Amino acid sequence: MGISFDQIFHPTDFSEGNQSAMAHALRLAQLAKGEFSLLHVTEPNEDVHWGAFPPVRKLLQQWGVLKEGATHEDVSELGLKVKKVVRSGKKAAPIIIKFVAEHEPDLNVLSTHQRKGMSRWVSDPNAEPIARNSHVATLFVPRQVNGFVSRETGNIHLKRILIPTCQSPNAQVAVNAAVSLAELCGITEVQFTTLHIGQEGDQPAVEIPGRKGWTHESLVQQGDVVEHILSCSEEQDMDLIVMATEGQRGFLDALRGSTTMQVLKQAKCPLLTVPR
């Protein structure tokens with residue numbers, strides 16, 4: 001069973017570096033005809049004008065989804081429901097995690113600073129109990145990469161997807177999520193590459209739908225897990241990495257896992273983590 005994209009959540013800091021993640025979140029929500037929630041966390045006593053939020057209609061017009069001069073009603077006619085939320089607090093992480101726990105979106109889309117930017121997420125002990133109960137798929141879009149959704153045109157380039165596999169957590173969960181995403185994006189030609197680090201014959205069996213234009217390559221390598229995931233991703237110019245995580249720990253604890261964290265810190269493409 002794949003994942004739903006009916007409710008997509010994206011926290012934004014209004015910065016230039018956040019725009020790629022914003023484009024991914026909006027495009028997926030528009031394709032899903034779902035609910036798109038934007039959250040901005042302000043400093044205490046700071047006023048934020050609604051116009052400061054990323055311009056949803058402007059982007060949709062730029063992509064040719066809406067005509068110039070479109071109204072809020074035109075957005076609604078697309079089947080897209082947009083919610084803009086402001087919360088106030090000294091630390092963004094616990095507020096964001098609380099919002100996720102309360103609203104239970106199907107997908108979080110986060111902009112990440114590689115190498116240093118995740119420290120505020122994993123060092124806040126107050127946020128940990130809430131995050132531990134979250135069971136949410138999360139798409140991480142590093143600020144240093146363009147990703148598979150063009151922020152200028154909205155075009156999607158998703159031709160190569162890497163899925164690292166192991167016996168636990170269940171690799172089929174990641175495969176199903178990758179398939180769901182490809183279906184949502186209307187991808188007719190894509191190569192799914194499953195990568196197992198270990199002994200030949202120990203790789204878990206996974207099922208990928210047989211469709212015209214969809215291919216599957218299975219690789220088995222030995223050595224350092226993170227090193228091989230990253231090298232395979234770079235050598236084959238992957239557009240996305242999809243990894244299953246221990247679902248009961250939530251997306252925050254998934255970052256603490258050495259494999260996921262190290263891949264996230266160095267990957268040259270977006271990373272989708274999926275709780276099992």
Side-chain angles (χ1 to χ4, degrees), residues 1-12 18 20-40 53-57 59-60 63 65-66 70 72-87 95-111 130-131 133-141 147-149 151 154-156 158 161 163 169-170 172-188 190 209 211 239-240 242-245 247-248 250-252 254 270-276:
M1 183 177 179
I3 63 174
S4 169
F5 297 93
D6 291 336
Q7 298 184 57
I8 294 181
F9 168 67
H10 172 55
T12 175
N18 189 79
S20 183
M22 166 66 185
H24 283 69
L26 177 58
R27 190 72 166 107
L28 294 178
Q30 177 255 317
L31 289 171
K33 298 182 178 181
E35 181 176 285
F36 179 37
S37 297
L38 285 156
L39 172 67
H40 178 70
F53 274 86
V56 170
R57 275 184 294 162
L59 266 179
L60 294 174
W63 296 345
V65 176
L66 289 176
H72 291 291
E73 289 71 23
D74 294 321
V75 175
S76 297
E77 288 181 3
L78 294 175
L80 179 64
K81 182 179 180 181
V82 180
K83 296 173 59 178
K84 297 179 180 180
V85 182
V86 175
R87 294 285 186 269
I95 295 173
I96 293 171
I97 294 170
K98 183 177 180 180
F99 186 94
V100 170
E102 291 175 346
H103 294 82
E104 298 182 340
D106 299 312
L107 178 70
N108 298 318
V109 181
L110 303 180
S111 174
I130 300 173
N133 293 320
S134 297
H135 193 80
V136 182
T138 302
L139 176 64
F140 298 95
V141 184
F148 57 85
V149 175
R151 53 191 277 192
N155 291 341
I156 297 174
L158 193 58
I161 301 176
I163 308 170
N170 186 354
Q172 188 65 47
V173 172
V175 171
N176 293 346
V179 168
S180 294
L181 185 63
E183 290 177 335
L184 176 69
C185 295
I187 304 301
T188 57
V190 60
R211 298 179 183 171
D239 300 307
L240 176 68
V242 184
M243 299 178 68
T245 62
Q248 70 272 20
F251 71 91
L252 178 65
L271 168 67
L272 175 63
T273 62
V274 188
R276 68 176 178 86

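These figures come from a predicted structure and were not determined experimentally. Just so it is clear, the values below take in all heavy atoms, side chains as well, and ignore hydrogens, waters and symmetry mates.
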Open item on the list: Before you tell me yes or no, could you show the steps for Val136 and Glu104 under side-chain contact (heavy atoms from CB on, under 4.5 Å), namely the whole-Å CA-CA distance, both residues' side-chain angles and the distance that decides it to 0.1 Å?
Closed with: CA-CA 7 Å; Val136 182; Glu104 298 182 340; 5.9 Å; no
Check [X] against [Y] and note the closest heavy-atom contact, atom names and distance.
| X | Y | answer |
| --- | --- | --- |
| Pro105 | Val100 | CD-O, 3.5 Å |
| Val109 | His24 | CG1-CB, 4.4 Å |
| Met243 | Ala174 | C-CB, 4.2 Å |
| Thr12 | Pro54 | OG1-CG, 3.8 Å |
| Arg87 | Val85 | NH1-CG1, 3.0 Å |
| Leu272 | Ala137 | CD1-CB, 4.5 Å |

Roughly how far apart are [X] [atom1] and [Y] [atom2], rounded to 0.5 Å?
| X | Y | atom1 | atom2 | value |
| --- | --- | --- | --- | --- |
| Leu38 | His40 | CG | NE2 | 11.5 Å |
| Gln30 | Trp63 | CD | CH2 | 7.5 Å |
| Glu73 | Glu77 | CD | CD | 8.0 Å |
| Ile95 | Phe99 | CD1 | CZ | 12.0 Å |
| Lys83 | Leu39 | NZ | CG | 10.5 Å |
| Ile156 | Leu28 | CD1 | CG | 6.5 Å |

TODO: Go through Leu240 and Phe148 one step at a time and tell me if the side-chain contact (heavy atoms from CB on, under 4.5 Å) criterion holds.
DONE: CA-CA 7 Å; Leu240 176 68; Phe148 57 85; 4.0 Å; yes
Please tell me if the side chains of [X] and [Y] come closer than 4.5 Å, counting only heavy atoms from C-beta onward.
| X | Y | answer |
| --- | --- | --- |
| Asp106 | Phe5 | no |
| Met22 | Val56 | yes |
| His103 | Phe9 | no |
| Ser37 | Ile8 | no |
| Leu60 | Leu78 | yes |
| Thr245 | Val173 | no |
| His10 | Asn18 | yes |
| Leu110 | Val141 | no |

TODO: Please assess Leu158 against Leu181 for the test side-chain contact (heavy atoms from CB on, under 4.5 Å), listing each intermediate value before the final yes or no.
DONE: CA-CA 9 Å; Leu158 193 58; Leu181 185 63; 4.1 Å; yes
Open item on the list: I'd like to know if the side chain of Arg151 and the backbone of Ser20 have a donor-acceptor N/O pair within less than 3.5 Å.
Closed with: no
Open item on the list: Please evaluate residues Gln7 and Leu107 with respect to the criterion side-chain contact (heavy atoms from CB on, under 4.5 Å), reporting the C-alpha separation (whole Å), side-chain torsions for both, the decisive distance (0.1 Å), and the verdict.
Closed with: CA-CA 7 Å; Gln7 298 184 57; Leu107 178 70; over 6 Å; no
- [ ] Report, as yes or no, whether the 6.0 Å neighbourhood of atom NZ on Lys84 holds more than 12 heavy atoms from other residues, nucleotides or ligands.
- [x] yes
TODO: Tell me, with the steps shown, if Arg211 and Glu183 meet salt bridge (Lys or Arg N to Asp or Glu O under 4.0 Å).
DONE: CA-CA 11 Å; Arg211 298 179 183 171; Glu183 290 177 335; 2.6 Å; yes
